[in-house]
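Because the structure is predicted, anything quoted here is derived from the model rather than measured. Residue numbers run from 1 in the order of the sequence given.
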Amino acid sequence: TARSARSTPVNRVNSISGSFSVNLLPADPLPWQRAPMVQANAAIGGVTPFSSVDWPGQLAAVVFIAGCPWRCHYCHNPHLQQRQASLSWASVRDWLPSRRGLLDGVVFSGGEPLSEPALASMLAEVRALGFGVALHTAGIYPQRLASVLDTLDWVGLDIKTDAAGHDALTGKPRSHWPVGVSLAMLLESGCAFECRTTWSPRWLPEPQLLALARQLADQGVRDYAVQNFRSAPGQPAEGALSLAAQQQLAQWFERFVYRQ
């Protein structure tokens, strides 16, 4: 998962994702249980109890799945690259009914959430509780995405870079191919989704970013976001999109967001 405005996993109620930190219901402790480190457990790496930035227009809890086969050099959550169960899914699930009326939905992020074999059943359980469900994915597993797509209300698809630079960024060969398949699937599905690129001119100069964005627009992508890469929270961005580039991107997409 790329470093961006997205939240990072916590198990404290007073840590809120976004550009601010407040105490959220401090008298209401979160009953999450540490999970035995066994493969049979869902690999829950952390939870953010409240986020306004992980699903546009929705208030959501974020469940982070540990495990990802890629090794992107700018990964926001490198501690979630290895599969491990640090929290119990049962305790997170049992906590969710107390959020009715406070949250619109639950976002599954990572890591790569589609690396979790139990994801389909987890999504179904969350939907049965009356919440919307959303997914952050890098598009690594198109077949697994297909198996859960009908359950999802929204998807955030990472478009990390162009085809020429993809393998160098992810550390895996032919990594661009499954992303293209996943994008084609989303375009055909009718499911609401956003493509987003965590951007630094160090690995994707502005002209190449615009070429990538134009390709996405020509394929039919309507929602696109560019989010500045920062080496750490609070650090300055490595670059800034020119005003001309922002104006061009706004013309190509029905909804364009520049997350600085």
Side-chain angles (χ1 to χ4, degrees), residues 1-8 16-21 48 50-62 64 72 74-77 103-110 113 132-139 152-162 169 179 182-183 186-187 189-260:
T1 303
R3 184 176 297 279
S4 71
R6 286 181 289 175
S7 49
T8 53
I16 307 302
S17 66
S19 58
F20 57 91
S21 179
T48 293
F50 179 88
S51 170
S52 61
V53 299
D54 287 275
W55 184 353
Q58 304 292 309
L59 301 179
V62 186
F64 292 86
C72 303
Y74 65 91
C75 181
H76 183 34
N77 293 322
L103 298 176
D104 300 308
V106 177
V107 178
F108 287 82
S109 189
V133 287
L135 182 77
H136 293 165
T137 180
L152 299 171
D153 296 299
W154 181 83
V155 174
L157 179 65
D158 290 337
I159 305 295
K160 295 183 177 293
T161 187
D162 57 17
L169 191 148
V179 183
S182 295
L183 175 57
L186 284 166
L187 287 166
S189 71
C191 179
F193 74 97
E194 170 191 274
C195 289
R196 64 274 191 92
T197 300
T198 297
W199 177 71
S200 168
R202 180 159 51 91
W203 62 77
L204 192 65
E206 188 175 282
Q208 291 174 233
L209 172 67
L210 289 174
L212 173 62
R214 185 55 195 255
Q215 182 180 16
L216 294 172
D218 289 346
Q219 288 179 268
V221 173
R222 298 179 178 181
D223 287 5
Y224 184 57
V226 173
Q227 45 206 28
N228 282 341
F229 168 74
R230 300 176 187 275
S231 60
Q235 293 300 307
E238 291 194 349
L241 278 180
S242 68
L243 181 59
Q246 294 179 51
Q247 293 172 338
Q248 183 65 79
L249 290 165
Q251 292 179 3
W252 288 340
F253 299 95
E254 291 184 14
R255 176 181 172 271
F256 169 69
V257 179
Y258 181 33
R259 298 174 181 141
Q260 303 182 53

Item to complete: Working to the nearest 0.5 Å, report the span between SG of Cys195 and CG of Asp158.
Response: 9.5 Å
Practice prompt. Work out which heavy atom in Trp154 is nearest to a heavy atom in Arg196; give both atom names and the distance.
Written response: CH2-NH1, 4.1 Å
Worksheet item: To the nearest 0.5 Å, how far apart are CZ in Phe256 and CD in Gln247?
Response: 11.0 Å
Worksheet item: Can you tell if the side chain of Trp55 reaches within under 4.5 Å of the side chain of Asp153, non-hydrogen atoms only?
Response: yes
Worksheet entry | Spacing of Trp252 atom CH2 and Tyr224 atom OH [to the nearest 0.5 Å] | 10.0 Å
Worksheet item: Taking all non-hydrogen atoms of both residues, which atom of Ala240 and which atom of Glu206 are closest, and how far apart?
Response: O-OE1, 4.2 Å
Item to complete: Check side-chain contact (heavy atoms from CB on, under 4.5 Å) between Ala237 and all other residues, then give those that pass, not counting sequence neighbours.
Response: Asn228, Arg230
Response to the item:
Correct closest heavy-atom pair for Leu157 and Ala138 would be CD1-C, 4.0 Å
Fill in: Approximate separation, where rounding is to 0.5 Å, of Leu210 CG and Gln246 CD
10.5 Å
Item to complete: Flag the pair Leu183 / Leu187 as yes when at least one side-chain heavy-atom distance between them is below 4.5 Å, and no otherwise.
Response: yes
Fill in: pair Asp162-Leu204: side-chain heavy atoms closer than 4.5 Å
yes
Discussion item. Ser189: which residues meet the side chain to side chain donor-acceptor pair (under 3.5 Å) condition with it, sequence neighbours left out?
Written reply: none
Discussion item. In the structure I gave you, are the side-chain heavy atoms of Val155 and Cys191 within less than 4.5 Å of one another anywhere?
Written reply: yes
Item to complete: Please report the closest heavy-atom contact between Ala60 and Val107, naming both atoms and the distance.
Response: CB-CG2, 3.8 Å
Worksheet, complete the sentence: When Val53, Thr48, Val106 are each screened for side-chain contact (heavy atoms from CB on, under 4.5 Å) with Val62, the one that passes is Thr48
Worksheet entry | Reported OG-to-CG distance for the pair Ser109 and Asp54, which is rounded to 0.5 angstrom | 6.5 Å
Fill in: Arg202 to Phe229 - nearest heavy-atom pair and separation
NH2-CE2, 3.7 Å
Worksheet item: Heavy-atom distance under 4.5 Å between the side chains of Trp199 and Leu241, does that happen here?
Response: yes
Worksheet item: Would you find a donor on one side and an acceptor on the other, under 3.5 Å apart, between the side chain of Thr197 and the backbone of Ile159?
Response: yes
Response to the item:
Here the pair of heavy atoms bringing Phe253 nearest to Val221 is CD2-O, 3.4 Å
Item to complete: Please round to the nearest 0.5 Å and tell me the distance separating atom CZ of Arg255 and atom CG of Leu249.
Response: 13.5 Å
